[in-house]
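Right, one structure below, let's go through it.
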Amino acid sequence: MSRQSDSTQPNYSIRDAMFILRAGDTAAIHMTKRGIFSFYHSIRGKEATYCGAAFGLEPGDWMFFGPQVPQGGFLMVPTPHSLVVPTYPSPTAARLVHATGVGMAIAVKKDSRVVCVVFGEGLSDSADFHAAVNFAAVYNTPVIFLAVVTSKQHDELPAHLSHTSEAYGVPMIEVDGSDAISVMKVVSSAAQEIRRHHGPRMVVARIDAEMPPDLIFERIQQATQPLHERTRISHEVGTASADRPAPSREPGGLRGLQGTAMPADEKSERDGHNVQPETIEPEALGWEWARRCLIPTAAKPVSAKTIESDTQIN
Amino acid sequence: MSQMNIIQAINDALKLEMRRNPDVVVLGEDVGKFGGVFRATAGLYDEFGDTRVIDTPLAEAGIIGASIGMAMYGLRPVPEIQFADFIYPAFDQIINELAKLRYRSGGEWTCPVTIRTPYGGGIRGGHYHSQSPEALFAHIPGLKVVIPSSPYDAKGLLLSSIRDDDPVLFMEPKRVYRAARGEVPEGEDYTIPLSSAKIIREGRHCTVLSYGAMIHTCLEAVPLCESDGYDVELIDLRTLVPWDRDTVMSSVRKTGRCVVVVEAPRTASFAGELIAEIQENCFLSLESPIGRVTGYDTPFPHTLEHLYLPDAERIRQTVTNTMTY
């Protein structure tokens, strides 16, 4: 009944996963421009958040992941292990309530799984968002609400979310959404807490909206270089801070924490995720890579063969 | 067999199915400790506990959205919307999510959710407790709509609905929740197939087609029609989507005349759909235009509901008009 991500796929590093996701996203954008897809919600620039979250979960956990191609394609986040990823994601806040429902069912079944639902912060104004968080809090369900915030007002909107979280009694954690390792650690930590104590968590992943997506991706590349070749990327865990330094606009520039020394244990952990330091450009990945995250699902599936012959994207 | 009303029959069906299948859960406003405002879920909380009989916040979109998620995980939720008039906040979840999930996922996912909700007027509840919105949902592909009229049917149809792999809107005629009584096999497992109409009374002159609480009004009209010399064939549709075309068309071809009775407002009611289908398929058999007895195109009136709802006299008059056309 449920779509499990391909358990036979290679054991990706986060860096690989982000490249694959970028390749799939690029392909979907091209197909939209060529009229093969009528529209597609790009996730360009958010690769670190999506992949970091997927890597922070454990086998059997669920992840509601947004991008959908209406003609029947689904952009699957590459995962390191077998996650359950619903392949029909609602583009609206409705999926937040579905995630809560899955969490309620997990509680009914007395399983130890966790659900993570990724959504744009704009959905937090909707009634479904409030229903989802309210139900999740009332029933202590194992749900991680992962809000991607791209606001220019870095303190204002997370404060809105933090007030909402506090009102519903849902602990909130904030993280740099451009830092895949930080997202992974925060999601993993939240999932462990949930497994121990149950109850939902809110993770706010902030991404600088004014930074061009390609610069963000360069930053991702830098963030996944071996540690001795780069400085520390932002790794903030906690609530919004009013006195946070202004963000840097330079490639690789990081909000106020450049050059900070990294603790040895964190260095070791990050190095462990950088198993393939050689450069891989999305354009060089080709369709074999893109196909891994473009999964046909609905009545008119898009086959890789069709895409290849029609578009010649490589 | 024991005598039950519709509430007792529904309660019996829920108990039976929850005992049979541990994946069946009930959720809704006041369905737990309180046992439901109409007592349809009385006793379930004590027997099955708060993990399977779940009192929810007052948020219909949350109730249906959470039910969808639970169904995705493998449960068979039976959410209750306390009154059909309260179902509109959940419209998006029902129409865009619940009814479309199988299609959108290319058949990979199904959504076995049975939404129970009392509908209809006659309890002096005003317009927040009296509407008949079945036509709105009959319009939605991917959603089945079931309306029983008797305790026996309520139990058998509810069991079939819960066991169906697709979403079902199970609308209960609250005006006859307790007034309609009949023999029901208590604790016994039986099902009535969805999409099967029931000929309640055979007749030669005119087919009267209805469902839900209006069946009982039609039964009141039958002797009046008889006294006028008209032998009425009364059919209970039971399932609106997908409805039993064969039974209906056979009856209309036999009698050559038809009257449809619903209590919803006249414009765009389900009666219009039935009439259109019948005239398309039985045109050469019809002796007269198909008659229609409905509510009026007004908000449901509180003080005038006795005038708003179709009664036996209006049905009798419409049958007479059809017979004497």
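To find a chain, count down the sequence lines: A is the first, B the second, and so on, and within it residues start at 1.
- Within the 4.5 Å cutoff, no side-chain heavy atoms of B:Tyr73 are placed close to those of A:Val108.
- Separating the CG atom in B:Leu75 from the CD1 atom in A:Ile106 is a distance of 10.0 Å, to the nearest 0.5 Å.
- Heavy-atom contacts from other residues, nucleotides or ligands closer than 6.0 Å to OH of B:Tyr190 number more than 12.
- With a 4.5 angstrom heavy-atom cutoff, B:Ile63 touches chain A via backbone and side-chain atoms both.
- A:Arg95 has its side chain out of reach of B:Glu97: every pair of non-hydrogen atoms, C-beta onward, lies at least 4.5 Å apart.
- Contact record, A:Ala94 with B:Asp92: CB-OD2, 4.2 Å, taken as the closest heavy-atom pair.
- Of the two parts of A:Thr141, neither the backbone nor the side chain holds a non-hydrogen atom closer than 4.5 Å to a non-hydrogen atom of chain B.
- For A:Ala131 against B:Gly62, the heavy-atom pair with the smallest separation is CB-CA, 3.9 Å.
- Nearest heavy atom pair, residue B:Met72 against residue A:Phe64, reads CE-CZ, 3.6 Å.
- Within a 6.0 Å radius of CD in B:Glu47, more than 12 heavy atoms belonging to other residues, nucleotides or ligands are found.
- No other option in A:Val138, A:Asp111, A:Leu96 has as many heavy-atom pairs under 4.5 Å with chain B as A:Asp111.
- Across all their heavy atoms, B:Trp109 and A:Val84 have their closest contact at CH2-CG1, 4.5 Å.
- B:Ala61 and A:Val97 make their closest contact through O-CG1, 4.1 Å (heavy atoms, listed as atom of the first residue, atom of the second, distance).
- Looking at B:Asp55, the atoms closer than 4.5 Å to chain A (heavy atoms on both sides) all sit in the backbone: N, CA, C or O.
- Pairing each heavy atom of A:Phe135 with each of B:Ala66, the nearest pair is CD2-CB, 4.2 Å.
- Between chain A and the options B:Leu27, B:Ile64, B:Thr56, heavy-atom pairs under 4.5 Å are most frequent for B:Thr56.
- One distance of note links OG1 of B:Thr51 with NZ of A:Lys109; it measures 11.5 Å at 0.5 Å rounding.
- Heavy atoms of B:Asn96 lying under 4.5 Å from chain A are absent altogether.
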